[in-house]
Amino acid sequence: MKITIQSLIRASGPTAIVGGLSYALVGVFHPPNILASVTTPTWLVVHVLAMGTSIFGLLGLTGIYARHAEKSGWLGLVGYLLLNFWLAIILGFTFVEVFILPALASIAPAFVDAWLGMFNGTASEINLGALSTVWTLTGPLYILGGILFGIATFRARVLSRWAGVLLAVGTAMGPLAAFLPLDLQPKIAVPAGLALAWLGYSLWSERRAKSASALTGLRQASAV
Amino acid sequence: MAFTSQTLIRWSGLSAIAGGVIFAGIQPIHPADELASVTTSLWAVIISLKFAMCLFFLIGFAGIYARQAEKAGWLGFLGFVLLTVSWFLQTGFVFVELFVLPVVANVLPDFVDSALGIANGHPGVMNIGALVPTYAVVGVCYLLGGLLLGIATVRAAVLPRRPAILLAVAAVITPAAALLPHAQQRYSAIPMGIAMIWLGYSLWSERRRGQSSDAPTDTSPSDFVAA
């Protein structure tokens, strides 16, 4: 089998599905951000899934953007870049949550508490410096990126428009998490995760006939 | 201005160049991997650059692979995937160096020592769990990924051969650097940086005509006519 740019873009559909579904699962199963959670198997599984969200999400989003890059214009590009930065920065946080927090839970509980306090908005004795600022930045990246990319997808009319709407609405809902009790807050991720999976499905399930006819058109044009 | 796959791939060349410049450029001025370094401002600057470099490389490798995906076959695909895994995990390590180590340097010096020990080959006293084997995964993927993508690039004959050979050789000689003292080891990054600058430049500077004739994409026939 020959790998073409079309088949690569199409293959990024399943990666977006995996990334989106793992994000939704993170939302459903995320344990409360308290010291006792950090050493549980649920914590580990959820945060490995969150790392999967970043890597599969990055690859999947790139394919989704490449598919309608031409039609989605600057709005799509800016949305894509913001979401990419968000996924890259989130990766750093989840990396620490998978590899470092469990190891430090017993020897440096104050540090782990401070880390979790960053998410819960509670003060702690350790100053995490630039980290809290970076965490605060991820909010606007996620919300703006999702809204812009969702609108661009809707306007481009290449992939499922309703998946674009769900992405925009799902990410715009992010700040509402602040009004929920701590243990329900992560659930706010579910619609956005499903939207990413839906976009991936839309990319994957596009008829091959469409691209085949476009290719035939190209070949005829080049023959002229 | 409309974005096509070709435009995106060309831009990813700039990203590869930026990553390569940082990778090669920071080595002579990189602070020593020791506790005293992590709270200096030089550390903050250099490690911030490294964080940007990881993201540039992820984009750059995607472009280098996408440009020749049709010709590079499964060898190229495997190389690309391994390199992506390597630089993705590396991004996590750099994030820790940038945001975690300076913060905990005073409260958890043993942890910082042990974390730096992964890179400088002097294991610290603290057991830091899965971090050590994960760093080994970074290294193996870096070596194999560079080798495979380099060979695939030579065989595909879409991008120039010489930087592709340099990519493969630079990846393979990296473990040999372990024979050198740690301070000199980091210079093994320079050939890799140069290979990335070179490959990125060739992506960026390719003539548009050559690109559109051998890389059919999802562009509409009208784009083709316009070219």
Side-chain angles (χ1 to χ4, degrees), chain A residues 1-9 51 54-55 58-59 62 65-74 76-77 84-85 88-89 91-96 98-100 102-104 107-108 110-111 114-115 125-131 134-135 158 210-211 214-215 217-222 224, chain B residues 1-9 44 51 54-55 58-59 62 65-67 69-74 76-77 81 84-85 88-89 91-96 98-100 102-104 106-108 110-111 115 126-131 134 212-213 215-225:
Chain A
M1 179 195 153
K2 271 204 157 182
I3 304 176
T4 60
I5 293 198
Q6 283 92 340
S7 62
L8 269 187
I9 289 178
M51 284 184 77
S54 280
I55 189 162
L58 275 170
L59 293 173
T62 303
Y65 175 61
R67 177 66 188 89
H68 63 202
E70 202 178 348
K71 297 272 172 62
S72 64
W74 288 104
L77 179 69
N84 247 358
F85 279 128
I89 293 176
L91 158 70
F93 282 93
T94 33
F95 186 89
V96 173
V98 168
F99 291 112
I100 294 184
L104 292 186
I107 39 182
F111 173 76
W115 182 278
E125 49 196 288
I126 296 181
N127 177 9
L128 292 178
L131 253 186
V134 175
W135 175 251
V158 176
K210 223 184 201 172
S211 53
L215 264 182
L218 276 178
R219 288 203 187 100
Q220 281 165 353
S222 60
V224 171
Chain B
M1 177 187 164
F3 292 99
T4 61
S5 304
Q6 283 95 337
T7 324
L8 290 178
I9 290 174
F51 192 68
C54 290
L55 305 183
L58 283 169
I59 299 170
Y65 173 62
R67 173 66 188 87
E70 197 174 351
K71 301 273 175 63
W74 291 107
F77 179 69
V81 169
T84 301
V85 171
F88 180 81
L89 290 173
T91 310
F93 279 96
V94 175
F95 183 92
V96 171
L98 180 59
F99 293 116
V100 178
V103 173
V104 297
N106 289 326
V107 279
L108 291 171
D110 284 349
F111 172 74
M126 190 185 274
N127 174 11
I128 45 175
L131 270 184
T134 307
S212 44
S213 65
T217 67
D218 55 346
T219 46
S220 65
S222 61
D223 281 325
F224 197 82
V225 173

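The chains referred to below are lettered A, B, ... by the order of the sequence lines, with proteins before strands, and numbering in each begins at 1.
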Please classify the contact between [X] and chain A as side chain, backbone, both or neither, with a heavy-atom cut-off of under 4.5 Å.
{"X": "B:Ile59", "value": "neither"}
{"X": "B:Phe111", "value": "side chain"}
{"X": "B:Leu131", "value": "both"}

task: Take the angle between the ring planes of A:Phe93 and A:Trp115 and call it parallel below 30°, perpendicular above 60°, tilted in between.
output: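 A:Phe93 and A:Trp115: tilted rings.
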
message: Once you measure the plane-to-plane angle for B:Phe51 and B:Phe95, does it fall in the parallel (<30°), tilted (30-60°) or perpendicular (>60°) bin?
response: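 Rings of B:Phe51 and B:Phe95: tilted, 30 to 60°.
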
Using a 4.5 Å cut-off on heavy atoms from C-beta on, say whether the side chain of [Y] contacts that of [X].
{"X": "B:Val103", "Y": "A:Asn127", "answer": "no"}
{"X": "A:Leu8", "Y": "B:Tyr65", "answer": "yes"}
{"X": "B:Phe88", "Y": "A:Leu58", "answer": "yes"}

Interface moiety of [X] toward chain B, non-hydrogen atoms closer than 4.5 Å:
{"X": "A:Phe99", "result": "both"}
{"X": "A:Thr62", "result": "neither"}
{"X": "A:Ile55", "result": "both"}
{"X": "A:Val134", "result": "side chain"}
{"X": "A:Asn84", "result": "neither"}

- prompt: Looking only at heavy atoms, what is the nearest atom pair of A:Ala114 and A:Leu128, with distance?
  reply: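 Smallest interatomic distance, heavy atoms only, reads O-CD1, 3.5 Å.
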
